[in-house]
Amino acid sequence: MKIKTIHQLSSALNDEITWRKREIIELRMQAARKGDVAHKTILRAGVAILYSHWEGFVKSSSEILLNYISNQKLNNDELSEVYIVQSFKSHLSTLSDTKSSAAAIESLRFILNEMKRSSNISHKNYVNTEANLSSEVFDRIAKSVGIDVQKYMHLYPFIDESIVNKRNYIAHGEFMDVSLEEYTRISDRVFDLIRSYKDDIENIAVLKSYLKKVA
């Protein structure tokens with residue numbers, strides 16, 4: 001689906017966050033009313049599912065934003081620097097990785113010639129979470145789509161310890177006793193992170209901060 005308007009972007013983000021919130025709440029309700037064995041099983045499974053929502057939302061919402069920016073049909077020189085990088089990513093990789101000066105010059109020439117032409121921002125299956133959305137990977141993804149990560153940095157230990165490490169421990173078949181209180185605390189924080197990321201994505205589109213700043 002091509003996302004061309006703010007309304008379409010907001011609708012896509014709301015759809016993404018709504019079903020995830022519904023599932024998180026449903027798991028909490030089930031864990032609270034089940035018997036002892038099922039209760040512990042649901043809580044352990046719930047931690048893994050919380051991670052999946054964390055990874056899934058960051059990936060999908062980032063790609064929704066790139067989809068929207070791509071469909072604004074802007075020239076490269078109209079974009080702010082971070083999105084110019086998105087548009088020329090493969091050519092920039094050639095510049096930094098190649099040992100061939102001819103290949104590097106060709107890529108540089110292409111970039112310079114294309115600055116006043118239509119941008120080419122990929123978005124479908126573009127965001128790589130590395131199946132392990134640690135704070136380091138999150139930091140890289142968020143910055144790559146123009147999000148200021150400063151307000152998230154104090155939560156990086158929580159992301160690594162309570163979301164990623166616990167999920168990995170459970171996913172690798174290790175036993176971990178998770179209390180309802182702990183699961184509730186983690187799920188509240190995960191949803192806060194998701195909601196904050198949604199707001200940042202939406203603000204980039206609404207405030208048009210993807211555009212080049214005029215001096």
Side-chain angles (χ1 to χ4, degrees), residues 1-28 49-89 118-130 133-156 158-159 162-164 186-214:
M1 173 185 174
K2 290 186 176 181
I3 299 175
K4 298 181 178 180
T5 67
I6 295 291
H7 175 74
Q8 289 174 329
L9 177 135
S10 295
S11 179
L13 290 173
N14 286 332
D15 287 347
E16 276 291 323
I17 205 168
T18 297
W19 77 268
R20 297 180 191 280
K21 181 180 180 181
R22 188 182 300 122
E23 185 165 290
I24 290 169
I25 291 172
E26 178 62 27
L27 274 169
R28 278 167 58 162
I49 290 173
L50 286 175
Y51 169 82
S52 73
H53 285 311
W54 162 243
E55 178 183 306
F57 187 81
V58 169
K59 175 179 171 61
S60 61
S61 60
S62 298
E63 290 178 350
I64 285 168
L65 175 63
L66 294 177
N67 186 335
Y68 172 77
I69 296 172
S70 175
N71 283 295
Q72 299 314 295
K73 304 301 182 185
L74 296 164
N75 291 341
N76 288 303
D77 63 355
E78 295 178 275
L79 295 168
S80 65
E81 291 175 350
V82 70
Y83 304 105
I84 293 175
V85 170
Q86 293 283 0
S87 184
F88 290 124
K89 200 160 189 179
S118 295
S119 59
N120 180 28
I121 297 175
S122 300
H123 56 85
K124 190 174 182 181
N125 296 320
Y126 188 71
V127 175
N128 181 14
T129 62
E130 301 178 24
L133 191 59
S134 63
S135 61
E136 181 180 355
V137 178
F138 169 77
D139 189 274
R140 173 179 57 75
I141 292 171
K143 287 177 179 176
S144 77
V145 295
I147 289 176
D148 182 354
V149 300
Q150 190 65 39
K151 70 178 183 181
Y152 294 98
M153 292 180 72
H154 73 286
L155 293 171
Y156 283 3
F158 169 82
I159 290 170
S162 295
I163 305 178
V164 178
I186 296 171
S187 62
D188 284 343
R189 185 62 62 83
V190 167
F191 188 71
D192 286 344
L193 279 165
I194 287 173
R195 183 167 49 198
S196 183
Y197 198 77
K198 171 188 176 292
D199 291 343
D200 285 338
I201 292 287
E202 206 159 25
N203 284 338
I204 288 170
V206 172
L207 300 175
K208 297 185 177 181
S209 54
Y210 52 85
L211 294 176
K212 180 181 178 182
K213 289 186 174 67
V214 179

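Here the structure is a predicted model, which means the values were calculated and not measured.
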Trainee: Quick one: do the Asn203 and Asp199 side chains pair a donor with an acceptor below 3.5 Å?
Mentor: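 Short answer, no.
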Trainee: Do Ile204 and Tyr83 have side chains that get closer than 4.5 Å, going by heavy atoms?
Mentor: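 In short, these two side chains touch, coming nearer than 4.5 Å.
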Trainee: Under the side chain to side chain donor-acceptor pair (under 3.5 Å) rule, what do Ser187 and Arg28 come out as? Steps first, then yes or no, please.
Mentor: CA-CA 9 Å; Ser187 62; Arg28 278 167 58 162; 3.0 Å; yes
Trainee: Between Ser52 and Ile49, is there a donor-acceptor pair closer than 3.5 Å when you use the side chain of the first and the backbone of the second?
Mentor: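 A pair under 3.5 Å: yes.
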Trainee: Would you say that Leu65 contacts Tyr210 through its side chain, given a criterion of any heavy-atom pair below 4.5 Å between the two side chains?
Mentor: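 Answer no - side chains too far apart.
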Trainee: Look at the side chain of Tyr197 and the backbone N and O of Ser62, then say whether any donor-acceptor pair between them is shorter than 3.5 Å.
Mentor: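 Between the backbone of Ser62 and the side chain of Tyr197 there is no qualifying donor-acceptor contact (under 3.5 Å).
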Trainee: I want to check something: taking the side chain as every heavy atom from C-beta on, are Leu50 and Ile163 in contact at a cut-off of under 4.5 Å?
Mentor: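 No, their side chains stay 4.5 Å or more apart.
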Trainee: Drop me the distance from Asn120's CG to Asn76's CG, to the nearest 0.5 angstrom.
Mentor: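 Rounded to the nearest 0.5 Å, the CG-CG separation comes out at 8.5 Å.
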Trainee: Do Ser135 and Tyr152 have a side chain donor and acceptor closer than 3.5 Å?
Mentor: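 Ser135 vs Tyr152: no donor-acceptor pair found between side chains.
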Trainee: Can you check whether His53 reaches Trp19 side chain to side chain, under 4.5 Å on heavy atoms?
Mentor: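 Counting from C-beta outward, His53 and Trp19 do come under 4.5 Å.
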Trainee: Pick from Ile24, Thr18, Ile25: which one makes a side chain to side chain contact (heavy atoms under 4.5 Å, CB included) with Lys21?
Mentor: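 Only one option passes, and that is Ile25.
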Trainee: Is the closest basic N to carboxylate O distance between Lys143 and Asp139 below 4.0 Å?
Mentor: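 Answer for the salt bridge query: yes.
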Trainee: Measure the spacing between CZ of Arg20 and CZ of Phe191 and express it to the nearest 0.5 Å.
Mentor: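 Spacing of CZ (Arg20) from CZ (Phe191) equals 11.0 Å.
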Trainee: If I take atom NZ from residue Lys212 and atom CG from residue Leu74, how far apart are they, to the nearest 0.5 angstrom?
Mentor: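 With rounding to 0.5 Å, NZ (Lys212) is 12.5 Å from CG (Leu74).
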Trainee: What distance separates Ile64 CD1 from Ser10 OG, expressed to the nearest 0.5 Å?
Mentor: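 Between Ile64 CD1 and Ser10 OG, I get 10.0 Å after rounding to 0.5 Å.
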Trainee: Determine whether Tyr51 and Leu133 make a side-chain contact, defined as any pair of heavy atoms from C-beta on separated by less than 4.5 Å.
Mentor: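 Yes, side chains in contact.
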Trainee: When you measure from the side chain of Gln72 to the backbone of Tyr68, do you find a donor-acceptor pair of N or O atoms at a distance under 3.5 Å?
Mentor: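 Present.
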Trainee: Any side-chain heavy atom of Lys151 sitting closer than 4.5 Å to one from Ser196?
Mentor: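 A side-chain contact under 4.5 Å exists here.
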Trainee: Apply salt bridge (Lys or Arg N to Asp or Glu O under 4.0 Å) to residues Glu26 and Arg22 and explain how you reach the verdict.
Mentor: CA-CA 6 Å; Glu26 178 62 27; Arg22 188 182 300 122; over 6 Å; no
Trainee: Do Ser118 and Asn75 touch side chain to side chain, with heavy atoms closer than 4.5 Å?
Mentor: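 Ser118 reaches Asn75 side chain to side chain.
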Trainee: Can you find a pair of side-chain heavy atoms, one from Glu130 and one from Arg140, that are under 4.5 Å apart?
Mentor: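 When only atoms from C-beta onward are counted, Arg140 and Glu130 do touch, with a gap below 4.5 Å.
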Trainee: Looking at Lys59 and Glu63, does any basic side-chain N land under 4.0 Å from a carboxylate oxygen?
Mentor: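 Looking at Glu63 together with Lys59, the answer is yes, because their closest N to O distance falls below 4.0 Å.
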